[in-house]
Amino acid sequence: MNIGIIGAGNIGANAALLFANAGHSVAISNSRGPESLTAQVGEIGGDTRAATVEDAASFGEVVLVAIPFWRYETLPSARLAGKVVIDATNYYVGRDGRIDFGDLTSSEVVALYLPDARVVKAFNTMYYETLRTEGNPSDGHRLVLFVAGDDDEAKAVVSGLIEEIGFEPIDTGSLRDGGRKQQPGTPIYNNPMTAEQVRGTLAGL
Ligand SMILES: NC(=O)c1ccc[n+]([C@@H]2O[C@H](COP(=O)([O-])OP(=O)(O)OC[C@H]3O[C@@H](n4cnc5c(N)ncnc54)[C@H](OP(=O)(O)O)[C@@H]3O)[C@@H](O)[C@H]2O)c1
């Protein structure tokens with residue numbers, strides 16, 4: 001599969017590495033442009049290239065967005081039409097400034113900005129070092145990566161990728177209700193858990 005990455009920092013670069021290791025073709029991008037990504041492309045290896053944000057969006061059948069949340073309005077909305085877009089961003093007032101989005105979740109805000117994209121909230125709950133190192137554990141007890149969204153087919157695509165890189169996908173529900181369960185401050189946020197450990201926790205949310 002062709003996978004575009006917008007934001008090649010802690011989360012974007014490590015997700016790119018895992019996708020490339022799983023045999024996917026990957027285009028990484030950032031705000032400074034492809035020439036700033038030469039070293040990272042070498043480190044990731046496999047079939048990886050540097051691209052502009054627009055070209056990474058066009059390249060990917062799936063596009064992972066891993067930028068500071070407050071910059072969501074720079075995303076190339078038209079290029080992302082019809083794409084499965086993984087929203088890995090989180091809203092932190094300290095970093096992103098105070099943004100009033102009423103009772104919407106941050107991923108609903110992103111989805112409103114990308115009206116023709118198939119937005120799935122995923123890869124947002126796990127610390128990047130855990131993501132990088134804890135896939136495919138030798139004891140077989142895989143850690144969970146959560147998916148939320150309103151497009152079941154898109155969630156299935158993202159869940160397949162999660163399985164390929166050695167984690168266990170669990171669907172938390174719609175972008176609104178599931179997305180809320182995945183936001184910072186919830187019991188499943190930044191709390192590495194196996195599927196068994198998650199079951200009781202999610203039931204109580
Ligand atoms: N760190 C984690 O463990 C973690 C875990 C889950 C989710 N997240 C979420 O994932 C997002 C990224 O976090 P991070 O820790 O990976 O951040 P980071 O290491 O600071 O990386 C951010 C990346 O986004 C790029 N970027 C910034 N503005 C951009 C724009 N307008 N268009 C394209 N690329 C842009 C940066 O490129 P330049 O340097 O060229 O600007 C950089 O490559 C945040 O929303 C965060 O809350 C983080």
Side-chain angles (χ1 to χ4, degrees), residues 3-19 26-44 48-60 63-80 83 85-99 101 105-111 113-114 117 119-135 143-148 158 161-162 165 167 169 172 178-193:
I3 301 178
I5 306 279
I6 300 180
N10 294 322
I11 277 294
N14 283 298
L17 175 68
L18 297 174
F19 293 145
V26 180
I28 60 172
S29 67
N30 64 7
S31 72
R32 285 166 293 150
E35 28 331 297
S36 66
L37 290 165
T38 309
Q40 258 176 309
V41 167
E43 282 160 24
I44 293 167
T48 304
R49 66 208 34 72
T52 62
V53 169
E54 288 73 17
D55 288 346
S58 296
F59 177 83
V63 180
L64 178 117
V65 174
I67 63 176
F69 171 76
W70 69 276
R71 304 207 68 185
Y72 71 92
E73 286 173 316
T74 66
L75 292 170
S77 180
R79 300 261 187 134
L80 292 169
K83 308 282 178 140
V85 172
I86 303 174
D87 177 23
T89 70
N90 291 301
Y91 170 59
Y92 280 105
V93 66
R95 179 193 59 203
D96 298 315
R98 195 159 292 284
I99 304 172
F101 36 88
T105 60
S106 64
S107 287
E108 288 177 288
V109 173
V110 172
Y113 189 73
L114 307 175
V119 177
V120 176
K121 186 181 188 78
F123 289 82
N124 74 300
T125 55
M126 186 175 280
Y127 184 53
Y128 73 96
E129 286 191 3
T130 310
L131 181 69
R132 183 176 63 213
T133 58
E134 301 301 315
L143 295 177
V144 170
L145 279 170
F146 298 95
V147 296
V158 177
L161 285 173
I162 288 170
I165 62 170
F167 293 90
T172 59
R180 201 175 301 287
K181 291 175 188 167
Q182 290 179 209
Q183 295 203 121
T186 64
I188 63 172
Y189 185 80
N190 195 14
N191 183 11
M193 284 187 280

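Each ligand, and each atom within it, is numbered from 1 in the order the structure gives.
No heavy atom of Glu129 sits closer than 4.0 Å to any atom of ligand 1. The closest approach between a heavy atom of Tyr91 and any atom of ligand 1 is not below 4.0 Å.
Among protein heavy atoms, the minimum distance from atom 22 (C) of ligand 1 is reached at Ala66 O, 3.9 Å. In terms of protein heavy atoms, atom 46 (C) of ligand 1 is closest to Arg95 NH1, 3.4 Å. Counting protein heavy atoms only, atom 45 (O) of ligand 1 is closest to Ile67 O, 2.8 Å. Remark: minimum distance from atom 10 (O) of ligand 1 to any protein heavy atom is reached at Ala88 O, 3.4 Å. For atom 31 (N) of ligand 1, the nearest non-hydrogen atom of the protein is Thr74 OG1, 2.9 Å. Distance from atom 25 (C) of ligand 1 to its nearest protein heavy atom, with residue and atom name: Gly7 CA, 3.7 Å. Remark: minimum distance from atom 48 (C) of ligand 1 to any protein heavy atom is reached at Ile11 CG1, 3.5 Å. The shortest contact between atom 39 (O) of ligand 1 and any protein heavy atom is with Arg32 NH2, 3.1 Å.
Heavy atoms of Ser31 found under 4.0 angstrom from ligand 1 belong to the backbone as well as the side chain. Within the 4.0 Å heavy-atom criterion, neither part of Leu131 lies near ligand 1. Residue-level proximity to ligand 1 for Asn10 is carried by backbone and side chain together, each with a heavy atom below 4.0 angstrom.
Which of Arg71, Gln40, Met126 comes nearest to atom 28 (N) of ligand 1 through a heavy atom is settled by distance: it is Arg71.
When distances from atom 19 (O) of ligand 1 to the protein are checked, a heavy atom turns up under 4.0 Å. Taking a distance limit of 4.0 Å, we find that atom 13 (O) of ligand 1 is approached by no protein heavy atom.
Of all atoms in ligand 1, numbered sequentially from 1 with element shown, those under 4.0 Å from a heavy atom of Asn90 are 6 (C), 7 (C), 8 (N), 9 (C), 45 (O), 47 (O). For ligand 1 and Thr89, the ligand atoms under 4.0 Å from any heavy atom of the residue are 45 (O). Residue Phe123 has at least one heavy-atom neighbour below 4.0 Å for each of these atoms of ligand 1: 6 (C), 7 (C).
For Asn124 against Tyr189, the heavy-atom pair with the smallest separation is O-CE1, 3.3 Å. Here the shortest heavy-atom pairing between Asn90 and Phe69 reads O-CB, 3.3 Å. Shown here for Asp87 and Ser107, the closest heavy-atom pair between the two residues is OD2-OG, 2.6 Å. Taking both residues in full, the closest heavy atoms of Leu75 and Tyr113 are given as O-CE2, 3.5 Å, listed atom of the first, atom of the second, then distance. Nearest heavy atoms, Gln40 versus Ala13: NE2-CB, 3.3 Å. The shortest non-hydrogen separation linking Asp96 to Tyr91 is OD2-CA, 3.4 Å.
Contacts classified as salt bridge (charged side-chain N to carboxylate O under 4.0 Å, His left out) and involving residues 26-43 (residues at least two apart or in different chains) are not found.
Residue contacts with ligand 1: Val53 is placed with no nitrogen or oxygen under 3.5 Å of a nitrogen or oxygen of the ligand (distance criterion only). When only interatomic distances are considered, the shortest N/O to N/O separation between Ile6 and ligand 1 does not fall below 3.5 Å. For ligand 1, the polar-atom distance check finds an N/O of Tyr128 within less than 3.5 Å of one of the ligand's N/O atoms.
Looking at residues two or more places apart in sequence or on another chain, you find a side-chain contact (heavy atoms from CB on, under 4.5 Å) between Ala50 and Pro34, Leu37, Val41.
Side-chain atoms of Ser58 and Arg79 include a donor-acceptor pair closer than 3.5 Å.
For the pair Ser29 (side chain) and Ile5 (backbone), a donor-acceptor distance under 3.5 Å is present. A donor-acceptor pair under 3.5 Å is formed between the side chain of Gln182 and the backbone N or O of Lys121. No donor-acceptor pair closer than 3.5 Å links the side chain of Arg49 to the backbone N or O of Ile28.
Around atom CZ of Arg98, no more than 12 heavy atoms belonging to other residues, nucleotides or ligands sit under 6.0 Å away.
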